[in-house]
Peer 1: 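Please find one structure pasted underneath; my questions will follow.
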Amino acid sequence: MSTEAVRTIQHRIGGVETAGVSTRTARVWNPATGEHQADVLLAEVADVDAAVQAAKAALPGWADTSVMRRSRLMFAFRNLVEKHTDDLARLVSAEHGKVLDDARAEVVRGLEVIDFACGIPQLLKGEYSDQVSTEVDLFSFRQPLGVCAGITPFNFPAMVPLWMHPIAIATGNTFVLKPSERDPSVCNLVAELYAEAGLPGGVFNLVHGDKVAVDALLDHPDVAAVSFVGSTPIARYVHERGTANGKRVQALGGAKNHAVVLPDADLDRAAEHLIAAAYGSAGQRCMAISVAVAVGDAAEPLIGRLREKARAIKVGPGLEAGSEMGPVVTPEALERVRGYIGSGVDAGADLVVDGREIDVRGDGFFVGPTLFDHVTPKMDVYRDEIFGPVLVVLRVGSLTEAIDLINGNEYANGTAIFTSSGQAARTFQRSVQVGMIGVNVPIPVPMAFYSFGGWKDSLFGGHHIHGPEGIAFYTRAKVVTTRWPEETADGSHDRGDLHFPTAV
Ligand code: NAD
């Protein structure tokens, strides 16, 4: 490990990079080499307050900025993000560890949310009803909430924040982002791009930090709404504490996504997609497939194909050409994943491919693709979100059993079915209690103009994220009833009456 001083990643408050009063820091690793490559500041309560005050000061001007100007600014920001796709992706890969192409794809999926936010004039159109009662008209429109906060996970350091702030800002709110402390740098570049696009200082603020910063946001009286994405225990906590403090909260949690493979599926294709969905980004995706449910005769041929393909994956540094799968994010993550592999073996599952045997040069946090067969619902490797490159296979006798298994799981983010039967697919999509469903599509992440979200312990709160529900989350409606009575000679018109008004 190098003893040279490393750079310190700063907050950005009111358009200015600052350390505020922060003195605590966290290590940012290079997961591919095991090096300590930077320190990130950890905000104190006063830093969070400074960011919220900057956002509050910018709010009246920004909320009053015309919707066309907000849209044009989003468009300028969008073009800068597109221009800097590679720079953003390199920062993601360097700190997260995912391979560069995957990091680029994450930036592109985030860009699509900005594309969506550019359409804000259309998205914010209200409704108008003429003559709902005699001489009475009725219309609705939506206004921003105020200062909104985002708290985001390490696994999509560019995309997940982009699910939030473009929509919050386009709808006229100001924003404080608290990204993951494990791979924070990309958000500093995003903040610079907003400034270059012409966003007034204070509309987008960045505070780095840990639980201290999160709690300060959840308790701050001037924060109107909180969007959270991360693990289920923290999502539940954020939702409970934020709503107890009177805030609007959407909190997306963890996942254990099942893919059902029926015997009538194209098994070559299904195995290829399962491999990509289980091991892409070293399994550190909330929509990763971590459970394959093999129905009936599908099991044997499927396992054979998965074994062969899992062994063929090229594991290596994310920034090295040819790598298909990078390391996991931290030494702790590596220990956790290795521990789960041991626990699966101890519980009696059949370890078909052992990722602990992988040998990549250097001290990076590498664990290879791992495949378990004959896993049962009671085993930890089935029940827990491992969040690493571990795919477990459960064998069941029928589609009904597969659906029951999925519906018995506490997580309900995404799921998929591989089949050539339209009827089986229809039964599946209507019966599974899961928010996002793929039919022969292993990672069914909706496009930005739809909303993203799971059910049960994968999401707390009433709104999914981005798309139409994102617009609804970051705004609230006003409904206005108007009457402009004509004067009559005898004043008979428009008399008040003590009975409850009904249409006339
Ligand atoms: P995490 O829950 O550890 O951290 C998420 C955020 O919460 C970070 O900003 C972190 O600083 C903060 N945090 C951590 N511990 C806290 C505490 N005790 N009190 C207050 N705040 C705290 O999640 P992670 O490890 O960064 O990300 C991986 C998790 O996120 C996985 O569970 C994954 O499934 C989930 N995830 C879900 C979605 C989704 O859309 N549902 C998307 C991406 C990731």
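Here the structure is a predicted model, which is why all the values come from computation and not from measurement. As the structure lists them, so they are numbered: ligands from 1, and atoms in each ligand from 1.
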Peer 1: Applying ring pair (Phe, Tyr, Trp, His ring centres under 6.0 Å), run through Y474 and H165 and close with a yes or a no.
Peer 2: CA-CA 10 Å; Y474 289 120; H165 52 75; over 10 Å; no
Peer 1: If you measure only the distance, is there a donor-acceptor pair under 3.5 Å linking the side chains of Q250 and S227?
Peer 2: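 Q250 vs S227: donor-acceptor pair found between side chains.
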Peer 1: Quick one: list whatever passes salt bridge (charged side-chain N to carboxylate O under 4.0 Å, His left out) with R142, sequence neighbours left out.
Peer 2: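 Testing R142 for salt bridge (charged side-chain N to carboxylate O under 4.0 Å, His left out), a comparison that skips the adjacent residues, returns none.
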Peer 1: Residues two or more places apart in sequence or in another chain: which of them pass side-chain hydrogen bond (donor to acceptor under 3.5 Å, both in side chains) with N440?
Peer 2: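 In terms of side-chain hydrogen bond (donor to acceptor under 3.5 Å, both in side chains), with neighbours along the sequence ignored, N440 is linked to no residue.
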Peer 1: Over 60° means perpendicular and under 30° means parallel, so tell me whether F473 and H463 are parallel, tilted or perpendicular.
Peer 2: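 Perpendicular: the ring planes of F473 and H463 meet at over 60°.
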Peer 1: Hey, can you pull the donor-acceptor pairs under 3.5 Å for the side chains in residues 105-118, sequence neighbours left out?
Peer 2:
from	atom 1	to	atom 2	distance (Å)
E106	OE1	K98	NZ	2.6
E106	OE2	A158	N	2.7
E106	OE2	M159	N	2.9
R109	NE	E112	OE1	3.1
R109	NH2	V445	O	3.2
R109	NH2	P446	O	3.1
D115	OD1	R78	NE	2.5

Peer 1: Name each N or O atom in ligand 1 that is under 3.5 Å from a protein N or O, and give the partner atom and the distance.
Peer 2:
from	atom 1	to	atom 2	distance (Å)
ligand 1	2 (O)	S231	N	2.9
ligand 1	2 (O)	S231	OG	2.6
ligand 1	9 (O)	T152	O	2.8
ligand 1	9 (O)	K178	NZ	2.9
ligand 1	11 (O)	K178	NZ	2.7
ligand 1	11 (O)	E181	OE1	2.7
ligand 1	11 (O)	E181	OE2	3.4
ligand 1	25 (O)	R182	NH1	3.3
ligand 1	25 (O)	R182	NH2	3.4
ligand 1	26 (O)	F154	N	3.0
ligand 1	30 (O)	G230	O	3.3
ligand 1	32 (O)	E385	OE1	2.6
ligand 1	32 (O)	E385	OE2	3.4
ligand 1	34 (O)	E385	OE2	2.6
ligand 1	41 (N)	G253	O	2.8

